[in-house]
Amino acid sequence: MIRAMSTQSTSSALTADDHLILVDGSTFIFRAYHALPPLTRKPDGLPVGAVSGFCNMLWKLLQEGLTPEEGDEPTHFAVIFDHSAQTFRNEIYPEYKAHRPDPPEDLVPQFGLIREATRAFSVHCIEQEGFEADDLIATYAREAAEQGARVTIVSGDKDLMQLIGPKVGMIDTMKNKTFGEAEVFEKFGVGPDKVIEVQSLAGDSVDNVPGVPGIGLKTAALLINEFGDLETLLAKADTIKQNKRRENLIEFADQARISRQLVTLKQDVPVKVPVGELSVTDVDGPKALGFLKAMGFTTLTRRVADVTGADLDTVDASDLKVPGWDVPDHKGRMMERAAGSDSAGSEAAKTPGDADPDNSGLLVPQTVADARAQTIRAIPVDSSAYETVTSLDRLKEWCDAAFEKGYVAFDTETTSLDAMQAELVGVSLSTEPGKACYVPLGHVDGEGDLLGGGGLVEGQIPLKDALEVLKPMLEDRSVLKIAQNLKYDWLVMTRYGVDITPYDDTMLLSYTVDAGKGGNGMDELSERWLDHKPIPFKEICGSGKSMITFDKVAIDKATAYAAEDADVTLRLWLILKPRLASEHMATAYETLERPMVPVLARMEKRGISVDRQMLSRLSGEFAQGMAGKEAEIYELAGESFNIGSPKQLGDILFGKMGLPGGKKTKTGAWSTSAQVLEDLAAEGHELPSRIVSWRQLSKLKSTYTDALPGYINPETGRVHTSYALAATTTGRLSSSEPNLQNIPVRTEEGRKIRKAFIAEKGHKLISADYSQIELRVLAHMADIPQLKKAFDDGLDIHAMTASEMFGTPIEGMDPMVRRRAKAINFGIIYGISAFGLANQLGISRGEAGDYIKTYFERFPGIKDYMEATKKQVHANGYVTTIFGRKAHYPEVNTKNPNMRAFYERAAINAPIQGSAADILRRAMVRMENRLEGSKLDAQMLLQVHDELIFEVPDAQVESTIPVIRDVMENACDPALKLSVPLQVDARAADNWDEAH
DNA sequence: ACGGCCACTTA
DNA sequence: GTAAGTGGCCGTC
């Protein structure tokens, strides 16, 4: 129970009987936000999830203290907040905490509310300009401990661990974990008194404390245990045996000293409120209730009313001012809700993911995903239990349920996999596991062959009426829409005038936390997480030629299939969403994945114009070219055969003609790859080179000039590719149907196809591409001074590499020398091997090995980077990009040396390719707003890994290019300061070939 | 009708 | 040596 401190004057000194609790408010806010399901206040959609978590915790602490034992309640209690981002640390080191992304949009309004909540519970709410919460906590903790009192810090922040001592403990209430000296030792390898020394060496990437390069927690602890403290170590640095370590300690001594200043908490802040004044006072019942009512936390409101004895009915919701949100009429709607859901005895029906603030739980175990998965698996997936919604009233009730919950799983059924042509056939909804419905809207009679049959099946809600009911819910910001591969549904629904927002995508959630572990499709996720195999689409619609469209499916079958999808999607969300917070992937999901959905959907919707006539002419040209080659080939071979069959070709070349076969394919057949054929051609054989050119023409014709026109959408007259957001391990996008990321560019013939991609009349295409983005990213990540300098100075990077390696001046360099360096630079990005480089350059493996050796000698940082990455992937099973995306390689520890080496190369490549992909994504997410903000009509059409293609009105070309370039070149801001400049080349033309 | 293999296209 | 997708061939179902 709460102890009233009536015997204690407000500012007397503390005694040994006193117990001060200091809650680290700022970190708690972020933890509560990410760990708990999103929650918004009705009816205005004010986000209050973090506020709810905070209030529950505060109340529990005030009620029970930290442990269930009697007499452990606090006598003094304060919540400490950060005042502003700028502190004295930024004067010491401007980059301090510079990597911090802006807080999520829906968290911002909650900062003020949480301070309000603190005051509403009559708890001291402390913050002070120029100091971090940690400094205030340090100061109070020291003062209280000196006066003999016990102190408990409520936080999970490792930066506070330096304060732990005999009188000062720390507890993480979210993880239910206490930290004493033993835990500190476990984490830092030293006691609390040496934590600062270790941190100053190891640095901290989260807070951007630099530390000393090459020294992590382990090494730092080792050194401090040997030398005692930082200054002693630095003074004796020259005695360190390890070369690199010694050099770094000497070179970065000052950086370590600055780091020490950054991590040392200030224990003598001139606090405005003396520690003696932090005594606990009784909760003012009506005041607390007013706040809780205004928030709509019904269960906690009742609980507080019970304990304080305040009369609920006489208390009005307090008048809170949150910009953009009006205070709702609580007397009416909030109480109605309390009666409707809370007192109706529905506790048993509640699921673990229920966003009810009072059921969200104070303690979120780390294994929350497992716990939830178990609970959710226990609820059977019964596809016969779903409801078919055939009346507007029932549809309205489902939408009400979505509002009530604050979230709903949503799925569309349509006539086509192509979202640009798909017609809506029905939608399904689910609000809790096992509870889902299907709303048929466009089902037609099966036998529509004669007499123009195929009329709408009776009993369906008219599409227009259903959309009128669904639209407000799907667009309401207080209802989170959960979908699997939302881009598809978003595109379909936007064509029906519905803009789905806000949303989560279970496919992207899975991709964010598990990229590389397997597919992210719904069927696969369902089997992985729910042990449930959803009804296969084939079972409903068939496959191949006999496949029917979904509108022909009987409605009862459709309900079983469609509602199950929504049910499964909701369950997946309940399991996957909490993993974002517990695995620290929320920022990656929110900045790199989720916002891409509408961006890509709009790009796909716009499409791009292709010149059908030009492609048709080219097809003819290529056919002619092929016919010519064909005749020559048959002549040389002495018979006709199928040139497109590698098997038949092999028989001719290596059987009949007796040419020396080089490589074998993995099935044991002779390889007829271009490489093999070119080698044969180099020996003077006529036939192979004809085959190579025939194949090139054949490819251009079949894949591009013949196939592309088939992708022209009859309504828009344009080609709409589909981008996959979750298809690659590294974070790149992929493009399909058609793939517009592999349109030819290398050969003259191929570029003719590119010329067929054109701007519409009165417009130009702008192509903007990053120059050498992957090498720049590598220079930054591996921290290679020569490379960074070369990029700073705008040098030819391959020539510079050659010059550095072979000691030849850049002026008048032999092109062959540069070519070798270029191949090595690319090789590095691909996780180089002597075998691969030898292949690429046509040299011996020994020679290639020598090149690599020389390269590593000249750029030792690259070698370090590669070794460190390998170590990481073996230890963790994944690697990360500079923006925190993960790429998993679960089989990297295989015994098979070839496979192992392959995964290691992939793991070396992934952070480079993936970081570049992250940068592109950041640019794309910002691009539309920036263009609109500049009153420009440019439309982003395509992305090709390091290039963006826009369509722009003629008159705006000149003003658009600088905006595009600015967004792309500064795409890392403000989250990260890249230590190399990004360079973007941009050109405009009537077609893609000339713009590129 | 489907899927593996091989070849070719891109960054 | 990394990351993708598509089309033709051809064996299997």
Side-chain angles (χ1 to χ4, degrees), chain A residues 515-516 538 542-547 641-650 663-677 691-704 706-708 710-711 721-724 727-747 749-751 753-754 769-774 778 823-841 845 848 852 866 887 889 898 901-914 916-917 920 942-947 996:
Chain A
K538 276 196 284 186
S543 67
K545 221 178 105 184
S546 59
M547 187 164 82
F641 64 101
N642 187 343
I643 308 172
S645 163
K647 188 170 171 293
Q648 293 183 32
L649 176 63
K663 287 183 295 187
K664 293 272 189 70
T665 67
K666 61 176 162 186
T667 48
W670 289 112
S671 167
T672 63
S673 69
Q675 183 64 61
V676 169
L677 298 184
I691 304 281
V692 169
S693 9
W694 181 90
R695 277 190 185 155
Q696 281 175 346
L697 288 172
S698 164
K699 180 68 177 179
L700 295 180
K701 181 169 186 293
S702 67
T703 307
Y704 301 106
D706 287 352
L708 272 174
Y711 285 103
T721 184
S722 174
Y723 288 103
T728 71
T729 306
T730 55
R732 274 194 177 177
L733 304 179
S734 75
S735 155
S736 62
E737 293 183 303
N739 181 355
L740 296 186
Q741 291 181 323
N742 69 349
I743 300 302
V745 70
R746 275 204 245 278
T747 65
E749 297 290 270
R751 276 202 298 278
I753 293 166
R754 220 164 245 246
D769 68 298
Y770 283 106
S771 159
Q772 307 286 3
I773 188 169
E774 294 191 346
L778 174 67
I824 295 175
N825 275 335
F826 274 97
I828 294 294
I829 290 170
Y830 299 153
I832 205 152
S833 75
F835 180 84
L837 183 63
N839 259 346
Q840 177 67 31
L841 286 176
R845 278 183 66 175
I852 296 172
M866 294 173 82
Y889 295 92
N898 284 332
F902 170 76
Y903 289 124
E904 285 174 351
R905 288 194 300 271
I908 288 168
N909 172 256
I912 305 171
Q913 189 184 113
L920 251 289
L942 304 178
Q943 190 253 39
V944 192
H945 307 311
D946 66 358
E947 175 188 13
H996 184 73

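Chain A is the first sequence line, chain B the second, and so forth, proteins listed ahead of strands; every chain is numbered from 1. Note that this is a predicted model, so its numbers are computed, not measured.
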Just checking A:Ala887: base, sugar-phosphate only, or nothing, at a heavy-atom cut-off of under 4.0 Å?
-> nothing
Determine which pairs satisfy side chain to side chain donor-acceptor pair (under 3.5 Å) with at least one residue from residues 831-840 of chain A, sequence neighbours left out, and list them in order.
-> none
Identify whether NZ of Lys or CZ of Arg in A:Lys663 sits under 6.0 Å from the centre of the six-membered ring of A:Trp670 and within 45° of that ring's axis.
-> no
If you look at every strand shown and take non-hydrogen atoms under 4.0 Å, does A:Ser736 touch a base, only sugar-phosphate, or nothing?
-> sugar-phosphate
If you measure from CD1 on A:Ile912 to OG1 on A:Thr730, what distance do you get to the nearest 0.5 Å?
-> 11.5 Å
Could you check whether A:Gly644 gets within reach of a base, just the sugar-phosphate, or nothing at all, counting any heavy atom under 4.0 Å?
-> sugar-phosphate
Which is true for A:Arg732 with a 4.0 Å heavy-atom rule: it touches a base, it touches only sugar-phosphate, or it touches nothing?
-> base
Short side-chain to backbone donor-acceptor contact, A:Tyr830 and A:Gly836, under 3.5 Å | no
Under 4.0 Å between any heavy atoms, over every strand shown, what does A:Ile832 touch: base, sugar-phosphate, or nothing? Just pick one.
-> base
Which residue lies more 5' along DNA chain C, comparing A:Ala707 with A:Arg905 via nearest heavy atoms | A:Arg905
Anything under 4.0 Å to a heavy atom of chain A counts; send over the first and last such nucleotide of DNA chain C, read 5' to 3'.
-> C:dG1 to C:dC10
The residue among A:Arg754, A:His996, A:Arg751 that forms side chain to side chain contact (heavy atoms under 4.5 Å, CB included) with A:Ile743 is A:Arg754
Contact class for A:Ala669 (heavy atom, under 4.0 Å): base, sugar-phosphate, or nothing?
-> nothing
Could you list where the contact with chain A starts and ends along DNA chain B, reading 5' to 3', using a 4.0 Å heavy-atom cut-off?
-> B:dA1 to B:dA11
Within the structure shown, what part of the strands sits under 4.0 Å from A:Gln840 by heavy-atom distance: base, sugar-phosphate, or nothing?
-> base
Using a 4.0 Å heavy-atom cut-off across all strands, classify A:Phe835 as base, sugar-phosphate, or nothing.
-> sugar-phosphate
Indicate, with a heavy-atom threshold strictly under 4.0 Å, whether A:Ser698 touches base, sugar-phosphate, or nothing.
-> nothing
Any donor-acceptor pair under 3.5 Å linking the side chain of A:Gln648 with the backbone of A:Ile643?
-> no
For A:Asp769, report the nucleic acid contact type (base, sugar-phosphate, nothing); a contact means any heavy atom under 4.0 Å.
-> nothing
At under 4.0 Å between heavy atoms, what does A:Glu947 touch on the DNA or RNA strands: base, sugar-phosphate, or nothing?
-> nothing
Is there a side-chain contact (heavy atoms from CB on, under 4.5 Å) between A:Leu740 and A:Leu708 once you walk through the steps?
-> CA-CA 10 Å; A:Leu740 296 186; A:Leu708 272 174; 4.2 Å; yes
What do the steps show when you test A:Thr721 against A:Asn739 for side-chain contact (heavy atoms from CB on, under 4.5 Å), and what is the final call?
-> CA-CA 7 Å; A:Thr721 184; A:Asn739 181 355; over 6 Å; no
Classify the nucleic acid contact of A:Ala674 as base, sugar-phosphate or nothing, counting any heavy atom under 4.0 Å across all strands shown.
-> sugar-phosphate
Full working for side-chain contact (heavy atoms from CB on, under 4.5 Å) between A:Met866 and A:Ile832 = CA-CA 10 Å; A:Met866 294 173 82; A:Ile832 205 152; 4.0 Å; yes
Contact class for A:Ile743 vs. all strands (heavy atom < 4.0 Å): base, sugar-phosphate, or nothing?
-> sugar-phosphate
